[in-house]
Amino acid sequence: MKRRLNRLFFVKPSLQVSKLLLGKYIVRKIGRKTLAGKIVETEAYPGPYDKASHAYGIKKTPRNRAEYLEGGHIYIYLVYGMYWQLNISTGKEGYPECVLIRALEPIITNQSRIRIANNPELENIRESKLEMDSRFCVANGPGKLCRWLKLDKSFYGEDVTKSKRIWLSQGEKIKPPQIASGPRIGIDYAGAKWAKKPWRFYIKSNPCVSKR
DNA sequence: GTACAGATTGAG
DNA sequence: TCAATCTGTACT
């Protein structure tokens, strides 16, 4: 959980950052509990020229103003009246671009390792296929990962390079051959030209990449 | 003030 | 395939 990603990491174009984020860990502190998840799927929304972007045409509203913040700030919003979507702003201040975090693979933290080691019953559960399957399913979508990490409007604009309750860390090295790309999800309203752009990135054959 | 649709999800 | 559920945004 060490080696927190710094400002320099995020002040780059979202098309770069979205790929670099694969394999990185999101660490979330809730009271004395720590949750961590490996980022396995992202989408880039690279700027105001992108018709699928909330900031299309340099549109700036109370809802999307966090997109304009310097790289490393959280842009979070509600869709369909019930699901939060976690984005991280990238690039320079004043230019609206961001990366949508679409899926995480939950990581067994040291904390839970110790708890498991001290409790043989939990050890058995951890080994069971059932447990593995359920672990892989709690954060395999943008709405689900926010529910799992307990993220909501209160994180709007949060600086992940400074925050004490959420940050990103180095995680695991992902080699380019392990990265796949495809069209972004759920943005058909933007028209085929933009919906077809291969700006969704994910780790090949990872079980936590979102379905559909 | 009112209408409308959405960067999703899980059930049928 | 469809409804749930709600708020930002646009328009009367």
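Residue numbering restarts at 1 for every chain, and letters A, B, ... go by the order of the sequence lines.
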Y95(A) six-ring face occupied by K92(A) cation (under 6.0 Å, within 45°): no
Does C98(A) offer a backbone N or O that forms a donor-acceptor pair with the side chain of N87(A) under 3.5 Å? no
Testing dG10(B), dG8(C), dT8(B) for proximity to the side chain of R147(A), the answer is dG10(B)
At 4.0 Å (heavy atoms only), tell me whether A52(A) reaches a base, stays on the sugar-phosphate, or touches nothing. base
Give a yes/no verdict on base stacking between dG6(B) and Y80(A): centres under 5.5 Å, planes within less than 30° of parallel. no
Would you indicate which nucleotide in dA7(B), dT9(C), dT9(B) comes nearest to any side-chain atom of V79(A)? dA7(B)
From NZ of K197(A) across to P of dA7(B) the rounded distance in Å is 19 Å
Spacing of I76(A) atom CD1 relative to dG8(C) atom P, expressed in whole Å: 14 Å
Separation of dG8(C) atom P from Y75(A) atom OH, nearest Å, is 11 Å
Each stem that DNA chain B is part of, given as range with range (3 or more consecutive Watson-Crick or G-U pairs, under 3.5 Å): B:1-6 with C:6-11, B:8-11 with C:1-4
Contact class for I185(A) (heavy atom, under 4.0 Å): base, sugar-phosphate, or nothing? sugar-phosphate
Please determine if a side-chain N or O atom of Y189(A) lies less than 4.0 Å away from the OP1 or OP2 oxygen of dA7(B). yes
Please determine whether a side-chain nitrogen or oxygen atom of R200(A) lies at a distance below 4.0 Å from atom OP1 or OP2 of dA7(B). no
Whole angstrom is fine here: how far is it from OH in Y77(A) over to P in dT7(C)? 16 Å
From CE of M82(A) over to C1' of dG10(B), roughly how many Å is that when rounded to an integer? 10 Å
Between dA7(B), dA4(C), dA10(C), which nucleotide has the shortest distance from any of its atoms to the side chain of Y45(A)? dA7(B)
Just checking, is any N or O donor in the side chain of Q85(A) or Y75(A) under 3.5 Å from an acceptor N or O on the other one? no
With a cut-off of less than 4.0 Å, is there a side-chain N or O of K144(A) near OP1 or OP2 of dG10(B)? yes
Contact check, side chains of D159(A) and L69(A), non-hydrogen atoms, under 4.5 Å: no
In whole angstroms, the gap separating P of dT9(C) from NZ of K60(A) amounts to 13 Å
Which is true for E43(A) with a 4.0 Å heavy-atom rule: it touches a base, it touches only sugar-phosphate, or it touches nothing? nothing
Shortest non-hydrogen pair, F136(A) vs E105(A), comes out as CE2-CG, 4.0 Å
Step by step, work out the side chain to side chain contact (heavy atoms under 4.5 Å, CB included) result for K144(A) and Y83(A). CA-CA 8 Å; K144(A) 294 172 80 174; Y83(A) 298 110; over 6 Å; no
Under 3.5 Å: donor-acceptor pair, side chain of K197(A), backbone of R184(A): no
Determine the interatomic distance between P on dT5(C) and the same-named atom on dT2(B); round to the nearest Å. 22 Å
Tell me: CD1 of I187(A) to P of dG6(B), nearest whole Å? 12 Å
With no hydrogens and no angle check, do the side chains of Y45(A) and E43(A) hold a donor and an acceptor under 3.5 Å apart? yes
Which nucleotide wins on minimum distance to the side chain of K153(A), given the candidates dT9(C), dA7(B), dG8(C)? dG8(C)
Give a yes/no answer on whether the side chain of R184(A) brings an N or O atom under 4.0 Å of OP1 or OP2 in dT8(B). no
Say you pick atom C1' in dT7(C) and the same atom in dG10(B); how far apart are they, in whole Å? 22 Å
Please report, rounded to the nearest Å, how far the P atom of dT5(C) is from the CH2 atom of W84(A). 16 Å
